[in-house]
Amino acid sequence: MKNITQNERQLFILKLLMETTHVIPTEYMAKKFDVTAKTIRQDIHKLEQQGLLTRVRGGIIKKSGMNLDFHEIQSLFFQDFDPDVANIYREHIHKNLLSKNTVLILGSFNIDIAVKISDFPKLGETISSQSSNYMIGGKGINQALAIAANNMPVTYVGKIGQDQFYQYAKKYLNSHRLIKDIIFESSESPTGLAIVLVRDDGEKQIIVNSGANKKIHLEDIYAIEEEIKQAELISLQMENNLEAILAVVQIAQQYQRKIVLDPTPFVPEILDILTALYLLTPNQYEAEQLTGIAISDENSALRAINILHEMGVPNVVLTLGAQGAMASTNGRVQKVNAYKAVVNDKSGVGDAFNGALLARLALGDDLFTATDYAAAYAALCVERFGASNMPKGHLVKLKQQQSIAKS
């Protein structure tokens, strides 16, 4: 993160602290802000004198008792500044949050018509719904919303139609300050549309018209080459046209960016790009399709993960629904149990998991810590109605504490 002042850099250091309970190494901060370790140590010294952090060997940790969001941090940090100067800093900081984002997502954008029902209709049957809502959906935007809900800026790239949903979609995207959206438009195809039937137990059936999501041109992808180059993590799913996805993979490889793939929905062409990936996050069904292993327990899940490694994927997080998840990297595997939740709607739970996982990896968490966080976040998600109704990240700590207290 270049071209920011000393005061702005120190504020961003405080922001990093508020988003993790772990030690943030001095070397990590020096790299992130493109300054020397000596400069970072000077920043740390000043913030320590102000009572805003605690210095430990090799880095810093959050000061005990401080649990603030970014707006509260800014107010505390700027309390002795002239108001006009403080406003200038805030505006510059907001621009820097969105100018170079760690995560870039290419993915689908849908309008969801979500309908709550007591049971799925039989063939030829007409039933009454308990409620219905227009909502935003699509795996790409859902993941972006989850990242933003965890207070991490993200660049989202998608395509919508020039139709009756156009203004609604643009207004919605403009309302999220942590999402930098790059939206292409189609005059030929409509905005993606999904009919989502949600049963009382949270199970769902979905009918999708992909529309403009499947009409991303190569010219569109070439237009975002600089954004791909600047990001550290490139997140993809399979709800866009394959031509666009492969073009992003090619550009990301060119600049040695880390590609994270949620292989949903499964298509055989995924096999052709496995060696280009940094991280693969399949669910049980997708892992079975990729490896040919029927997953019924932890042993079979581990065999599938090992096959994925043999196929060239260095890092794998296999989600197992109510059984939790398994994360594997560098010869180590860790099982993460699912967190208990009152299930209301399973729509978007995979997107919530992946978005939270990306947010924590972008912050610097290791794969196992990020997976546990994502599992807790997914449990919060199923307690809400609507695929894009993402909970705030600060609730994760409470969910984790509740789990520890009950164990």
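Side-chain atoms are counted along with the backbone in the values below, which use heavy atoms only and exclude waters and symmetry mates.
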With sequence neighbours left out, write down each residue that passes side chain to side chain donor-acceptor pair (under 3.5 Å) with [X], or none if nothing qualifies.
X    : answer
Y339 : D372
S108 : E239
Y168 : none

* Please collect all salt bridge (charged side-chain N to carboxylate O under 4.0 Å, His left out) contacts where either partner lies in residues 48-60, sequence neighbours excluded, each pair once. =>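 Residue pairs with at least one partner in residues 48-60: E48-R55.
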
* Asked: Any salt bridge (charged side-chain N to carboxylate O under 4.0 Å, His left out) pairs touching residues 148-174, not counting sequence neighbours?
  -> K159-D220, K170-D181

* Lys/Arg cation over aromatic F33: R9, 6.0 Å, 45° cone ->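 The answer is no; the distance or angle limit is not met.
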
For [X], give me all partners under side-chain contact (heavy atoms from CB on, under 4.5 Å), at least two apart in sequence or on another chain.
X    : value
T264 : K139, D262, E286
E219 : H217
Q130 : K116, S118, D200
I127 : I117, P121, E125

* For the pair I141 and L173, evaluate side-chain contact (heavy atoms from CB on, under 4.5 Å) and give the outcome as yes or no after the intermediate values. => CA-CA 9 Å; I141 189 60; L173 287 166; 3.6 Å; yes

* Please assess Q237 against I105 for the test side-chain contact (heavy atoms from CB on, under 4.5 Å), listing each intermediate value before the final yes or no. => CA-CA 9 Å; Q237 318 86 46; I105 295 177; 3.8 Å; yes

Got a list of side-chain donor-acceptor pairs under 3.5 Å for residues 265-278, not counting sequence neighbours?
none

* Could you walk me through whether T281 and T319 pass the side-chain contact (heavy atoms from CB on, under 4.5 Å) check? -> CA-CA 7 Å; T281 62; T319 57; 5.7 Å; no

* **salt bridge (Lys or Arg N to Asp or Glu O under 4.0 Å) partners for D201, two or more places apart** => R199

Donor-acceptor list for residues 328-338 side chains, cut-off 3.5 Å, not counting sequence neighbours:
residue: S328; atom: OG; partner: H309; partner atom: NE2; Å: 2.7
residue: T329; atom: OG1; partner: N315; partner atom: OD1; Å: 2.5
residue: K335; atom: NZ; partner: Q323; partner atom: O; Å: 2.9
residue: K335; atom: NZ; partner: N337; partner atom: OD1; Å: 3.3

